[in-house]
Amino acid sequence: MIVKSREIVSMIISDTPNKMDFSFPKNEKLKSKKLIDSLFAEGKSVSYYPIKLIYLKTELPKRVSIQTGATVPKKNFKSAVKRNRIKRLLREGYRLNKHLVFNNSKTSFAFLFLYLGKDTPQYNTIDESMKLVLRKFNKKINHG
RNA sequence: CAAGCAGGCCACCUUAUCGCCGUGUGCUGAACCUAGUUCGGCGCAGGGAGGAAAGUCCGGACACCAUAGUGCGGCAUAGCGGGUAACGCCCGUCGUUUCGUUUUUAACGGAACAGGACAAGUGCAGCAGAAAGUAUGUACAGGUAAUGCUGUAGUGAAAUCAGGUAAACUCUAUGCGGUGAAACGUCAUGUAAAUCGGUGUUUGAGGGCUGCACGCCCGAGCCGAAGGGUAGGCGGUUAGAGCCUUUGGGCAACUGAAGGCCUAGAUAAAUGAUAGGGAUCCGCCUCUGGCGGAGACAGAAUCCGGCUUACGGCCUGCUUUUUAA
RNA sequence: GGAGUGUUAGCUCAGUUGGUUUAGAGCAUCGCCUUGACAGGGCGGGGGUCGUUGGUUCGAAUCCAAUACACUUCA
């Protein structure tokens, strides 16, 4: 199991000809309070437990196609350490899987990932459900 | 070995891959006519959570409000002396209480203490008790010319004793102006210097975020209704009552001098993820080892000094049999 | 980051300022009566570490301190 996942990572890195982008720079972070407010007000959502993705098709201030944020509700996790840990895991999950949704389309989106679970997760589960959520999102965009 | 007390130290390490945030430095792309500015890209070097970052319980620095002023009110502290920028913190010392395996006394050691004043005034005290503060009854004994005049018993936490109680009001001494980085400064963006009603311009509306009054300053707008816009950047913002070493002073807290060091600055908020190896601890077993598991409390948000609380491990010292009559 | 409030029976609240009396009220629950039976009504009962710990006091739900939890609010 351990060796397998290691191989997968190395395969992704070495076998892709275009040098897949795993970076997550400042411009791709969702920072505007205004945008976040409008996300909660009029955004649509896709969810696959324990991750919920709220998205909105809008104009972005920077020249990127997606800006992403992650939140964990304080109600479910009181400890700031645990909240931080989950947010970091969500960021990692998005960073390593964002090639699924980055297809140079002209439409730009604002993303916000919510963690709905009540236990601190392992990276494996975050990774799997992140992939599923992003595929669900793609389906919805292409067909609707 | 175990327990208790006191003090000190650490806060898993390392390799690979992929990432994040500052700093320094080198090269470089695009936009505008140039100077230069703005937006980027690549490389190198070095840095990147805590002992409590927490609770927000105290004290400051700093900023604005009059160079923060007067009176009342309010709040805090409380033996004495010292330390400190300051403190409700720390150190020393006196006293009281308590512990040190039978009792008493003394010494010694440990622990706790919001430990000023009820000899200014006011209030309060269930039950019990004659009586709880303008109080004086019963029994016995003593005493007087006579009398609760004196003692003992009894009730109670407390009984003419300068009674008890101030974490009761209060008094005394000392200290405290208010608001807190969402303070404050500055740049940019943008609408509405619009509409309706009320009120006011030296006979002064309103404001200066102070509980009230005074005083001072600013002063032409202010209040309400309905509605509209912006909610961004930069500074403040990390070199500081800073840390380490040596040494002088002091019982100590602490402090003088010399030398060395630079040690996070994010803002929907960085300090991470995955995989391997190694130490640590726990459990089990077929015990020179093997297998499985765990990794405490917890995340900077202007910055310092304390206190309190949460919590894993290691090391050192002392006590667990104190002494005398 | 700052400021503030609350915690009492299964639930919603009094009582706390100003100390000592059995910690009360409504709903819920249990028993009995009323009814052929149910609802409703009447009578009676049980149920409380007063969030936790410590202190002051003769005595603490109440005063003081620490702590836990929940909630509100501020450009």
Side-chain angles (χ1 to χ4, degrees), chain A residues 1-138 140-141:
Chain A
M1 182 66 192
I2 289 159
V3 178
K4 259 188 187 173
S5 59
R6 196 182 181 189
E7 275 174 2
I8 289 166
V9 169
S10 62
M11 267 171 64
I12 289 167
I13 293 158
S14 59
D15 293 357
T16 44
N18 295 342
K19 272 196 179 179
M20 211 170 265
D21 184 20
F22 290 114
S23 69
F24 188 46
K26 218 173 186 178
N27 287 342
E28 293 180 23
K29 288 178 185 168
L30 185 61
K31 292 191 170 188
S32 160
K33 201 174 178 182
K34 210 176 169 183
L35 262 177
I36 292 164
D37 283 345
S38 57
L39 254 181
F40 276 114
E42 41 191 287
K44 296 173 183 177
S45 68
V46 183
S47 64
Y48 183 86
Y49 188 83
I51 296 177
K52 180 176 184 178
L53 166 62
I54 303 178
Y55 64 94
L56 185 68
K57 196 194 238 178
T58 43
E59 301 264 321
L60 293 176
K62 307 275 177 177
R63 277 182 244 163
V64 288
S65 56
I66 298 175
Q67 281 196 333
T68 310
T71 43
V72 181
K74 203 173 186 177
K75 217 176 179 183
N76 293 350
F77 295 93
K78 290 202 155 177
S79 158
V81 172
K82 285 179 183 170
R83 264 183 280 133
N84 254 338
R85 158 96 184 159
I86 294 167
K87 272 155 82 175
R88 281 165 182 162
L89 285 174
L90 281 175
R91 269 213 312 272
E92 282 296 300
Y94 173 73
R95 183 173 74 78
L96 295 174
N97 292 311
K98 72 175 188 180
H99 57 274
L100 294 174
V101 290
F102 251 66
N103 41 15
N104 294 331
S105 59
K106 286 182 184 175
T107 51
S108 57
F109 289 95
F111 274 19
L112 193 69
F113 290 98
L114 274 169
Y115 184 76
L116 300 175
K118 294 192 175 172
D119 305 314
T120 45
Q122 292 292 312
Y123 177 72
N124 290 345
T125 60
I126 291 285
D127 188 54
E128 283 168 28
S129 44
M130 178 63 73
K131 280 174 184 164
L132 283 165
V133 161
L134 292 180
R135 275 176 196 144
K136 246 183 169 177
F137 167 77
N138 268 340
K140 241 190 174 175
I141 291 301

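Side chains are part of it too, since the values below use all heavy atoms of this structure and drop only hydrogens, waters and symmetry mates. Predicted, not measured: the structure shown is a model, and the values here were computed from it. Just so we're on the same page: letters track the sequence lines, and every chain starts at 1.
- B:G26 is paired with B:C42 under the criterion used here, namely a Watson-Crick or G-U wobble arrangement in which both key atom distances are under 3.5 Å.
- Between the P atoms of C:C74 and C:U21, the separation comes to 44 Å (whole Å).
- Across every strand in view, C:G48 sits unpaired, with no contact that passes the Watson-Crick or G-U test at under 3.5 angstrom.
- Taking atom CZ of residue A:Phe22 and atom C1' of nucleotide B:A16, one finds them 16 Å apart after rounding to whole Å.
- Using a 90° window around 0 for the glycosidic torsion, B:G51 falls inside it and is classed as syn.
- Between B:A269 and A:Lys31, no contact under 4.0 Å exists linking OP1 or OP2 to a side-chain N or O.
- When atom types are taken as modelled, the side chain of A:Gln67 and the backbone of A:Asn27 share a donor-acceptor pair closer than 3.5 angstrom.
- When the P atom is compared between B:G299 and B:U77, the two are found 30 Å apart, to the nearest whole Å.
- Rounding to whole angstrom units, OH of residue A:Tyr123 and C1' of B:A275 are separated by 12 Å.
- When the P atom is used for both B:A310 and C:A68, the distance is 8 Å, rounded to whole Å.
- Straight-line distance from the CZ atom of A:Arg91 to the C1' atom of B:C20: 7 Å, rounded to whole Å.
- When both distances must be under 3.5 Å, the Watson-Crick or G-U wobble mate of B:U144 does not exist.
- Candidate nucleotides B:A49, B:U274, B:U271 were compared by shortest atom distance to the side chain of A:Arg85, and B:U274 ranks first.
- Counting only residues at least two apart or in different chains, side chain to side chain donor-acceptor pair (under 3.5 Å) contacts with residues 76-97 of chain A comprise A:Thr68-A:Tyr94, A:Glu92-A:Arg95, A:Asn97-A:Asp127.
- Rounding to whole angstrom units, CD1 of residue A:Ile126 and C1' of B:G272 are separated by 14 Å.
- Base orientation of B:U247: anti (glycosidic angle beyond 90° from 0).
- Summarising the geometry, the separation between CZ on A:Phe77 and P on B:A298 is reported as 15 Å, rounded to the nearest angstrom.
- Annotated as anti: B:G208, whose O4'-C1'-N torsion sits more than 90° from 0.
- Between the NZ atom of A:Lys26 and the P atom of B:G22 there is a distance of 4 Å, given to the nearest Å.
- Looking at the side chain of A:Ser23, the nearest of the listed nucleotides B:G299, B:U271, B:C20 is B:C20.
- Taking atom C1' in both B:G8 and B:G290, one finds a spacing of 39 Å when rounded to whole Å.
- In the set B:A273, C:A70, B:U267, C:A70 carries the atom at the smallest distance from any side-chain atom of A:Lys78.
- B:G219 and B:G208 are spaced 11 Å apart, taking the C1' atom of each and rounding to whole Å.
- For the C1' atoms, the distance linking B:C57 with B:U103 amounts to 47 Å, nearest Å.
- B:U165 and B:A125 are spaced 9 Å apart, taking the C1' atom of each and rounding to whole Å.
- Checking A:Leu116, A:Leu114, A:Leu134, A:Leu90 one by one against A:Ile51, the side chain to side chain contact (heavy atoms under 4.5 Å, CB included) holds for a single residue, A:Leu90.
- The nucleotide whose nearest atom lies closest to any side-chain atom of A:Ala80 is, among B:C18, B:U271, B:G299, B:G299.
- Heavy atoms of A:Lys29 sit under 4.0 angstrom from primed sugar atoms or phosphate atoms, though from no base atom.
- Closest to the side chain of A:Phe24, from the set B:G19, C:C69, B:G299, is B:G19.
- The NZ atom of A:Lys75 sits 17 Å away from the P atom of C:C69 (whole-angstrom rounding).
- Of the candidates B:G40, B:A298, B:G272, the closest approach to any side-chain atom of A:Val81 belongs to B:A298.
- Classified by interplanar angle (parallel below 30°, tilted 30° to 60°, perpendicular above 60°), the ring pair A:Phe22/A:His99 is perpendicular.
- Across all strands shown, A:Leu30 has heavy atoms under 4.0 Å from sugar-phosphate atoms exclusively, and none from any base.
- Base orientation of B:A49: syn (glycosidic angle within 90° of 0).
- Residue A:Lys29 places its NZ atom among more than 12 non-hydrogen atoms of other residues, nucleotides or ligands, all under 6.0 Å distant.
- Nucleotide B:U98 is shown with an anti base, its glycosidic torsion being more than 90° from 0.
- No side-chain donor-acceptor contact under 3.5 Å links A:Ser45 to the backbone of A:Leu53.
- Taking atom CZ of A:Arg88 as the reference point, atom P of B:G48 lies 16 Å away to the nearest angstrom.
- Note: A:Phe113 and A:Phe111 have perpendicular aromatic rings, judged against thresholds of 30 and 60 degrees for the angle between ring planes.
- Pairing of B:U136, defined by two Watson-Crick or G-U wobble distances under 3.5 Å, is not identified with any nucleotide.
- To the nearest whole angstrom, the two C1' atoms, one in B:A279 and one in B:C244, are 29 Å apart.
- Taking every side-chain heavy atom of A:Asn27 into account, B:G40 is the closest of B:A273, B:G299, B:G40.
- When the shell of 6.0 Å around OH of A:Tyr48 is examined, it contains 12 or fewer heavy atoms from other residues, nucleotides or ligands.
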